[in-house]
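All chains are named by letter (A, B, ...) in the order of the sequence lines, taking the proteins before the strands, and each is independently numbered beginning at 1.
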Protein chains: 2
Amino acid sequence: MLDSPKPQAKSAPERPQKKRMNPDAREAHIVAEAVLFFAEHGFEGKTRDLAKRIGITQPLLYRYFPSKESLIERVYQEVYVQRWNPAWEDLITDRRAPLPDRLCRFYKEYSRAVYDYVWVRMFVYSGLKGVDINDRYLRGIKEKVLRPVCGELRHANGLPTPGAVPIGEQELELAWGLHGSFFYRAIRRYIYNLTTTADSDTAIENEVRVFLSGVGPVQRQLVEAQDKQDS
Amino acid sequence: MLDSPKPQAKSAPERPQKKRMNPDAREAHIVAEAVLFFAEHGFEGKTRDLAKRIGITQPLLYRYFPSKESLIERVYQEVYVQRWNPAWEDLITDRRAPLPDRLCRFYKEYSRAVYDYVWVRMFVYSGLKGVDINDRYLRGIKEKVLRPVCGELRHANGLPTPGAVPIGEQELELAWGLHGSFFYRAIRRYIYNLTTTADSDTAIENEVRVFLSGVGPVQRQLVEAQDKQDS
DNA sequence: CTCATTATTTATCATTTGATTATTAAATAT
DNA sequence: ATATTTAATAATCAAATGATAAATAATGAG
């Protein structure tokens, strides 16, 4: 049979990609494409479709990963590792800078580092499937972001420290609300595919301003109620 | 959204359910269970699993629906029809009541009517799969809720009407932020399965209060910038 | 060049899954 | 009771899908 030239994998215009890659590079290539593929189609995406996207045959995947599940595990690690910047925890509570500046800077950096196409979609896919990663992550957000934010709000509004009067559920809910307004923008963009023309950094500045200039009296009321309840 | 816990897979059928049902009742039964089933597992849920949940054999589904797709179509109609209350459009703009009351009432009623386990999960599943329903729905929210809200905010803060100075993207983004903080609570509950002990109505009241007491100056600034840009 | 190594492909297996057909049995009519 | 109708099941098909085994061909060593 004649050896007809193999049809090129759909989109590799720059380098004609030699047929045989060194194993490390091939594995990296597979993982990189798998990240995008599973972010787009979810973890029930078919291995044959993934292989076609990569430009290899489906069985080759199994030379690099013993099972689809192990590949997914690898993809998880690739996406969810090292996105959190530990410096953020100090940033939020470093009172040398004004609170509005701290919150704006944190949420700008956080949104830029975390809320991209891959992270958001995988996070939501995982949530729907009930993977534990979401629960753990949001518990971290609660302790490392929302509670500290509530504490800083207390300080800015001349209210008792969380040590004196514990942070109540409704108080925390205020911080969840701010957080959610930012996450929701990512959802609109990456899940609902709505084109958001508004600049994200500017929107963050505006929403933080609205929040900070309005939260004082409401928080005071909640803290007083909480205090009364305790005593 | 308030007190609708995750529906349990039917475990203890009260009535031993006679084997042979009348066709209308059987169809209704299938649809009702399919709604819960697809909300939980997504539309790639297997027909055999669905049948097992219903307590029938898988081929029986095909006596009532010609294909899985047609059943899904039916489920969509069941979930997405008649949840929007047309009276809400008037509620938001009826200036006989104070704006805080209107916003609180609207979002309480809206959250209760729309944000339940089934609606939220199907909406997100559909978004991930790129079904057009989301785009259309959110376009409706924008025109029927967010723009009117912006208009009422203009009025409450003594700013020019949207007719005089069109509503800008960043201004609209403020309203998206408020909206998102409520939707995000539903996401936390139904997608991430976090137990939210805080009462939903109270949280809405608090967040509306924070928003309304802080939004004035920010909106004024945005409107003035928008006005300058136009002239 | 010749040959060994191994990255990659072709062919294929065993389940799964949406869907169809043939059979069974429950309800109703006579 | 007997017969008729049809809701429901059992058996099965064909395509899809995760995974494996055998065959092929690109690369480097001697």
If I take atom NZ in residue A:Lys52 and atom P in nucleotide D:dA16, what distance separates them, rounded to the nearest angstrom?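 So the NZ-P distance, A:Lys52 to D:dA16, works out to 11 Å.
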
Which whole-number value in Å describes the distance from B:Arg26 CZ to C:dA27 C1'?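 My rounded result for the distance is 14 Å.
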
Give the ring-plane orientation class for [X] versus [Y], where under 30° counts as parallel, over 60° as perpendicular and anything between as tilted.
{"X": "B:Phe183", "Y": "B:Trp119", "value": "perpendicular"}
{"X": "A:Tyr76", "Y": "A:Phe43", "value": "parallel"}
{"X": "A:Tyr110", "Y": "A:His179", "value": "tilted"}

Using a 4.0 Å heavy-atom cut-off, does A:Phe65 contact any base of the nucleic acid, only the sugar-phosphate backbone, or nothing at all?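 Nothing: the residue A:Phe65, judged by heavy atoms under 4.0 Å, touches no strand.
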
Using a 4.0 Å heavy-atom cut-off, does A:Pro59 contact any base of the nucleic acid, only the sugar-phosphate backbone, or nothing at all?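 A:Pro59: base contact, heavy atoms under 4.0 Å.
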
N or O in side chain of [X] less than 4.0 angstrom from [N] OP1/OP2:
{"X": "B:Thr47", "N": "C:dG18", "answer": "yes"}
{"X": "B:Tyr62", "N": "C:dA19", "answer": "yes"}
{"X": "B:Arg20", "N": "C:dA27", "answer": "no"}
{"X": "B:Tyr64", "N": "D:dA7", "answer": "no"}

Testing the 3.5 Å rule here: is there a donor-acceptor pair between the side chains of A:Glu89 and A:Trp84?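 Yes, because at least one side-chain N or O of A:Glu89 sits under 3.5 Å from a partner of the opposite role on A:Trp84.
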
Does B:Arg48 make a side-chain donor-acceptor contact with the base of C:dT16, cut-off 3.5 Å?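 Donor-acceptor pair under 3.5 Å: no.
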
